[in-house]
Asker: 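Here you go, one structure.
Treat the numbers as computed from the prediction; the structure is a model and nothing was measured.
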Amino acid sequence: MKHLKNIILLVAFFSCFPALGQEENEKLVYVFSINQEITKATWRQTQQAFRAADTLDADLFLIHMNTYGGTVLDADSIRTKILQSKIPVFVFIDNNAASAGALISIACDSIYMRPGGSIGAATVVNQTGQAMPDKYQSYMRSTMRATAEAHGKDTIISSGDTIYQWRRDPKIAEAMVDDRVFIEGLIDTGKVLTFTPTEAIENGYCEGTAETIEDVLNQIGIKEYNIVKYEPSWIERIIGWLVHPVISGILIMAIIGGIYFEMQSPGIGFPLGVAILAAVAYFAPLYLEGLAANWEIVVFILGIILVAVEIFIIPGFGVAGILGVLFIFVGLVLSLIDNVNFEFEHVELRGVGIAVTTVVLGIFGGFVLALYLGNRIFSANSGPFKNMALKTVQNKSEGYLSVENSFLALKGKTGTSKTVLRPGGKVLVDNEVYDAIAENGFIDRDEKIIITKVEATQLYVEKTEE
């Protein structure tokens with residue numbers, strides 16, 4: 001019985017070795033998808049994905065791509081991250097890798113494409129599809145060349161001769177940007193280069209075709225693998241939700257409504273808190289997405305300050321109020337427009353129209369909502385904040401007066417003018433100095449006066465004869 005137990009333990013021990021060997025051969029593949037326009041969010045998520053892959057000690061970082069492009073600045077940041085990665089980076093082009101997508105793909109160690117896919121057409125264009133000025137194209141040309149050169153050259157020995165050949169020809173990468181580049185047998189002038197999978201393989205810009213990610217892994221010899229896919233965090237999901245034009249409009253309504261309520265019932269604090277939270281929720285995701293710049297936020301805050309000055313310091317509606325409203329409007333609109341600092345050359349008119357419409361509807365809706373909720377929330381009969389509203393009327397017949405009794409007692413008393421009344425000035429009555437207004441003409445200093453009436457703490461006087 002004892003020997004049988006030992007035999008079972010030995011069998012169990014040695015049976016573990018195949019499993020251990022299998023685990024050692026299993027590769028961890030981290031998959032990150034780029035299947036929409038490349039934006040600030042894509043760059044932010046790329047950084048998160050690479051950090052996660054490093055933490056998991058992944059053996060391979062695989063980008064699953066299907067994009068028509070996006071912002072050059074963010075694509076360049078992603079390109080640099082790929083070139084500096086210690087983990088091998090492959091890309092599976094699942095149909096499209098155009099413009100900024102081509103730049104990112106060329107940076108990867110190996111490229112695989114779905115049959116029927118394409119890579120190229122990296123000319124820098126605006127949102128209407130028109131080519132940008134040459135200063136933008138020049139930057140993109142050099143970036144594409146440098147990315148291709150980063151993969152170095154292959155050594156080829158032919159007929160005893162040693163030939164060093166670019167693994168990815170930099171001139172081909174440049175031809176994907178500039179229609180003036182001529183490559184004999186490949187592309188003529190006047191056309192921007194775009195490769196099919198077969199053409200890309202022939203020219204060193206693709207290692208093979210595949211139908212799925214698993215197919216890519218099989219082709220590169222990875223038989224045992226564990227795939228971990230990047231999932232956006234809840235913060236990323238909230239940011240994507242908040243930048244939607246409808247949500248932006250609702251947040252503008254909350255900002256305007258909160259400010260309106262605070263002005264109607266100063267000292268409550270809750271409406272102002274709502275307005276501040278709405279402003280943070282409005283600007284923060286736009287700032288993270290690269291839409292709202294620092295100066296646009298400053299313009300909005302300056303507008304709020306000017307409106308507050310107009311309301312609380314210099315009552316009325318003058319220059320400060322008008323400028324404040326204008327600054328608030330401009331700050332809200334510009335934060336929705338994809339401009340860089342004061343550069344508006346590539347801003348699409350349609351985007352400006354959407355931004356202006358969103359802000360106008362948000363402000364108008366905020367005022368309407370504030371007026372509607374004002375009657376509901378602060379209703380003296382049934383509103384949830386009814387105790388904050390005045391529910392009684394102080395009638396004069398019940399003894400309520402707008403002035404103190406001591407002021408009313410001054411009517412009919414005499415005194416002297418302390419200053420010249422033109423018509424306002426000061427008078428001395430019963431050894432007390434009061435503000436007063438002359439009812440008829442001007443009254444010189446040290447003239448005898450009589451108080452003819454008292455209205456709203458204001459004394460009215462007339463000159464008396466000696």
Asker: For the ring pair Y230 and F32, is the centre-to-centre distance below 6.0 Å?
Answerer: yes
Asker: I want to check something: taking the side chain as every heavy atom from C-beta on, are V274 and I276 in contact at a cut-off of under 4.5 Å?
Answerer: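 The answer is no; the side chains never approach within 4.5 Å.
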Asker: State whether the side chain of H151 and the backbone N or O of I106 hold a donor-acceptor pair below 3.5 Å, judged by distance alone.
Answerer: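 Looks like yes, one N/O pair under 3.5 Å.
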Asker: To the nearest 0.5 Å, what is the distance between CD on Q48 and CH2 on W43?
Answerer: 11.0 Å
Asker: Is the distance between the ring centroids of F61 and F90 less than 6.0 Å?
Answerer: no
Asker: Could you tell me if the side chain of M65 sits less than 4.5 Å from the side chain of N95, heavy atoms only?
Answerer: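 They are not in contact (no side-chain heavy atoms under 4.5 Å apart), so the answer is no.
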Asker: Would you say that L103 contacts T143 through its side chain, given a criterion of any heavy-atom pair below 4.5 Å between the two side chains?
Answerer: yes
Asker: In Å and rounded to the nearest 0.5 Å, what is the CD to CD1 distance from E174 to I187?
Answerer: 13.0 Å
Asker: Quick one: closest heavy-atom pair of V125 and M132, and the distance?
Answerer: C-CG, 3.7 Å
Asker: Between N96 (side chain) and A98 (backbone), is there a donor-acceptor pair under 3.5 Å?
Answerer: no
Asker: Does the side chain to side chain contact (heavy atoms under 4.5 Å, CB included) test come out yes or no for V91 and L62, once each step is laid out?
Answerer: CA-CA 5 Å; V91 61; L62 194 147; over 6 Å; no
Asker: Would you check, one step at a time, whether the test side-chain hydrogen bond (donor to acceptor under 3.5 Å, both in side chains) holds for N35 with H64?
Answerer: CA-CA 8 Å; N35 53 15; H64 189 185; over 6 Å; no
Asker: Which heavy atom of V216 sits nearest to which heavy atom of A210, and what is that distance?
Answerer: CG2-CB, 3.5 Å
Asker: For L73, does its backbone N or O pair with a side-chain atom of T71 as donor and acceptor, under 3.5 Å?
Answerer: no
Asker: I'd like to check I119 versus C206 (side-chain heavy atoms, cut-off strictly below 4.5 Å). Are they in contact?
Answerer: no
Asker: By the salt bridge (charged side-chain N to carboxylate O under 4.0 Å, His left out) test, which pairs, at least two apart or in different chains, include something from residues 200-219?
Answerer: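 Residue pairs with at least one partner in residues 200-219: R114-E211, R167-E207, R168-E207.
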Asker: Would you say the side chain of F182 lies within less than 4.5 Å of the side chain of D188, judging by non-hydrogen atoms?
Answerer: yes
Asker: For the OH atom on Y68, are there more than 12 heavy atoms of other groups (residues, nucleotides or ligands in this structure) within a distance under 6.0 Å?
Answerer: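 Atom OH in Y68 is not crowded, with 12 or fewer foreign heavy atoms closer than 6.0 Å.
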Asker: Quick check against the 3.5 Å criterion: does T189 have a side-chain atom that pairs as donor or acceptor with the backbone of V181?
Answerer: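 Checking the backbone N and O of V181 against the side chain of T189, no donor-acceptor pair under 3.5 Å is found.
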Asker: Should L334 and V299 count as side-chain neighbours, where that means a heavy-atom distance under 4.5 Å?
Answerer: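 Heavy-atom side-chain distance check fails, nothing below 4.5 Å.
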Asker: Determine the sole option in T67, D74, I78 for which the side-chain contact (heavy atoms from CB on, under 4.5 Å) test with T42 is passed.
Answerer: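 Result: among T67, D74, I78, I78 is the only option passing the side-chain contact (heavy atoms from CB on, under 4.5 Å) with T42.
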Asker: Whether the side chain of T39 engages the backbone of A41 through a donor-acceptor N/O pair (distance < 3.5 Å, no angle test) should be reported.
Answerer: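 Yes, because the side chain of T39 sits within donor-acceptor range (under 3.5 Å) of the backbone of A41.
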Asker: Mind running side chain to side chain contact (heavy atoms under 4.5 Å, CB included) on D54 and I87 for me, showing each step along the way?
Answerer: CA-CA 8 Å; D54 287 335; I87 304 172; 3.2 Å; yes
Asker: Quick one: side chain to side chain donor-acceptor pair (under 3.5 Å) partners of Q137, sequence neighbours excluded?
Answerer: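 None.
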Asker: Taking the ring centre of each residue, are F327 and F300 less than 6.0 Å apart?
Answerer: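 Aromatic pair excluded; centres sit 6.0 Å or further apart.
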Asker: Is there a side-chain contact between Y30 and L56, using heavy atoms and a 4.5 Å cut-off?
Answerer: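 Yes, at least one pair of side-chain atoms sits under 4.5 Å.
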Asker: Between CG of L326 and CG of L306, what distance do you get to the nearest 0.5 Å?
Answerer: 10.0 Å
Asker: Supply the atom-to-atom distance I250 CD1 to L361 CG, rounded to the nearest 0.5 angstrom.
Answerer: 11.5 Å
Asker: Would you say NZ of K223 has more than 12 non-hydrogen atoms from neighbouring residues, nucleotides or ligands within 6.0 angstrom?
Answerer: yes
Asker: Are E199 and T196 packed together at the side-chain level, in the sense that at least one heavy-atom pair is separated by less than 4.5 angstrom?
Answerer: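 Sidechains of T196 and E199: in contact.
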Asker: Which pair of non-hydrogen atoms, one from A278 and one from I255, has the smallest distance, and what is that distance?
Answerer: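 Taking every non-hydrogen atom into account, CB-CG1, 3.6 Å.
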Asker: Would you check if the side chain of Y205 reaches a backbone N or O of D169 as a donor-acceptor pair within less than 3.5 Å?
Answerer: yes
Asker: Indicate the atoms forming the closest heavy-atom contact of S99 with G69, along with that distance.
Answerer: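 So the two residues come closest at CB-CA, 4.1 Å.
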Asker: Just verifying a value: how many Å separate L332 CG and I252 CD1, rounded to the nearest 0.5 Å?
Answerer: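 Rounded to the nearest 0.5 Å, the CG-CD1 separation comes out at 5.0 Å.
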Asker: D134: which residues meet the salt bridge (Lys or Arg N to Asp or Glu O under 4.0 Å) condition with it, sequence neighbours left out?
Answerer: R141, R180
Asker: Apply side chain to side chain contact (heavy atoms under 4.5 Å, CB included) to L193 and I172, showing your working.
Answerer: CA-CA 8 Å; L193 183 61; I172 290 178; 3.6 Å; yes
Asker: Between V192 and D178, is the side chain to side chain contact (heavy atoms under 4.5 Å, CB included) condition met? List the steps.
Answerer: CA-CA 6 Å; V192 175; D178 195 343; over 6 Å; no
Asker: Just by modelled atom types, is the T209 backbone N or O under 3.5 Å from a matching donor or acceptor in the Q219 side chain?
Answerer: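 The answer is yes, because a donor-acceptor pair under 3.5 Å joins these two groups.
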Asker: Could you tell me the separation between the CD1 atom of I104 and the CD1 atom of I38, rounded to the nearest 0.5 Å?
Answerer: 3.5 Å
Asker: So which atom in S118 and which in T194 form the shortest heavy-atom distance, rounded to 0.1 Å?
Answerer: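 Residues S118 and T194, closest heavy atoms: CB-CG2, 3.9 Å.
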Asker: Quick one: do R79 and D76 make a salt bridge, cutoff under 4.0 Å?
Answerer: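 Between D76 and R79 there is a salt bridge, with a charged N closer than 4.0 Å to a carboxylate O.
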Asker: Can you name the nearest heavy-atom pair linking F92 to M113, along with the distance?
Answerer: CE1-C, 4.1 Å
